[in-house]
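Atoms within each ligand, like the ligands themselves, are counted from 1 in listed order.
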Amino acid sequence: MLIQSRDSGFIHPDSSDITPRGVYEGRRDMLKWLATGVAGAAMASWASREALAQVVAPGKLPPLHGAKSAVPGAQTMEKLSDYKDATSYNNYYEFGTDKGDPVKNAGTLKTRPWTVEVEGLVNKPGKFGIEDLIKLSAQEERIYRLRCVEGWSMVIPWVGYSLAELIKRVEPQGSAKYVEFVTLADPKTMPYVGSRILDWPYTEGLRMDEAMHPLTLLTFGMYGEVLPNQNGAPVRIVVPWKYGFKSGKSIVKIRFVEKEPGTAWNKAAANEYGFYSNVNPNVDHPRWSQATERRIGDGAGLFAKRTKTLLFNGYEAQVGQLYAGMDLKKYY
Ligand code: MTE
């Protein structure tokens with residue numbers, strides 16, 4: 001696997017109020033400058049950040065502000081991944097299979113108008129225009145580790161609100177046990193839809209309690225901006241304790257069902273990708289170990305640093321209870 005390395009050297013400050021990309025990038029320069037001077041890291045806090053916000057031009061995408069989330073597990077002191085890495089090293093197979101393909105090809109994705117249809121076992125099914133969906137609940141910034149099944153990870157500040165907010169409004173019926181996510185499959189704008197890599201559209205699913213968990217984020221933005229196309233604009237799911245492929249991009253349908261739905265990678269290779277796909281260092285992929293991971297930006301090739309992968313991607317305290325008593329080797 002080819003890994004691009006662009007180490008940011010940027011320590012994310014303790015607060016995570018949402019800021020435009022230019023500010024994030026500017027802060028990195030500020031921190032470098034501070035490191036050379038008399039000021040300690042502590043100075044790279046509110047005052048200097050506020051000053052930076054005044055002078056650094058915002059990113060080219062429209063801002064999407066979110067208040068710092070108070071949901072347990074939604075903040076971290078870890079170093080943020082570079083915006084550039086997070087937006088140019090992607091998996092979005094509708095736009096190509098190389099990590100660099102989505103950023104090159106996803107410009108064709110048309111994100112307006114956009115409708116998300118909610119259907120199935122709910123009392124209030126309906127179609128949500130994207131602007132209404134964005135306004136449905138207050139936007140929050142959540143800093144999540146994203147661990148890909150391939151063995152790399154990033155730390156990304158997402159903007160959105162808990163999927164539970166939407167679920168509560170549509171009133172699921174008692175028989176609704178799972179939520180299925182259907183993503184866009186438009187052969188006109190997505191060059192790889194129609195290829196035989198996957199069974200299109202790319203679909204994903206969660207058990208109802210997983211979908212209702214406050215960490216499950218209906219996501220509209222990242223780094224204080226609306227989502228770039230290659231990251232799943234205009235709306236995606238982010239489920240931080242599961243491998244990245246559970247986080248479907250560019251969602252057009254959310255369906256409430258009784259039976260466990262089929263999912264894109266499970267259909268493609270059931271022995272390699274299970275329905276649950278919780279990050280688990282003790283359950284290896286049949287072709288490689290899942291015990292360690294490499295943070296994108298922390299060196300590549302021979303110089304790649306690897307760190308231990310944590311059970312449930314480090315969110316065990318928050319989500320472990322969902323799987324109490326389950327054999328995680330069987331339900332991988
Ligand atoms: N969603 C769709 N529709 N198509 C995809 O190919 N790839 C998944 C997931 N969502 C994918 C998708 C995989 S494998 C990963 S690791 C994450 O998106 C990557 O998200 P990122 O590019 O924002 O890091």
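- At a threshold of 4.0 Å, the pair E293-K308 does not count as salt-bridged, since none of the basic side-chain nitrogens sits closer than that to a carboxylate oxygen.
- In this structure, ligand 1 sits under 4.0 Å from heavy atoms belonging to N90, N91, Y92, Y93, E94, L146, C148, W158, T183, Y202, N231, R236, G244, F245, S247, G248, K249.
- For the 3.5 Å distance criterion, the side chains of T307 and R295 fail to qualify, holding no donor opposite an acceptor.
- Ion pair R112/E131 flagged as a salt bridge, since at least one NZ, NE, NH1 or NH2 atom sits closer than 4.0 Å to an Asp/Glu carboxylate oxygen.
- With sequence neighbours excluded, the residues that form a salt bridge (Lys or Arg N to Asp or Glu O under 4.0 Å) with R145 are E78.
- Not counting sequence neighbours, Y192 has no partner by the ring pair (Phe, Tyr, Trp, His ring centres under 6.0 Å) test.
- For E117, the salt bridge (Lys or Arg N to Asp or Glu O under 4.0 Å) criterion is met by no residue, not counting sequence neighbours.
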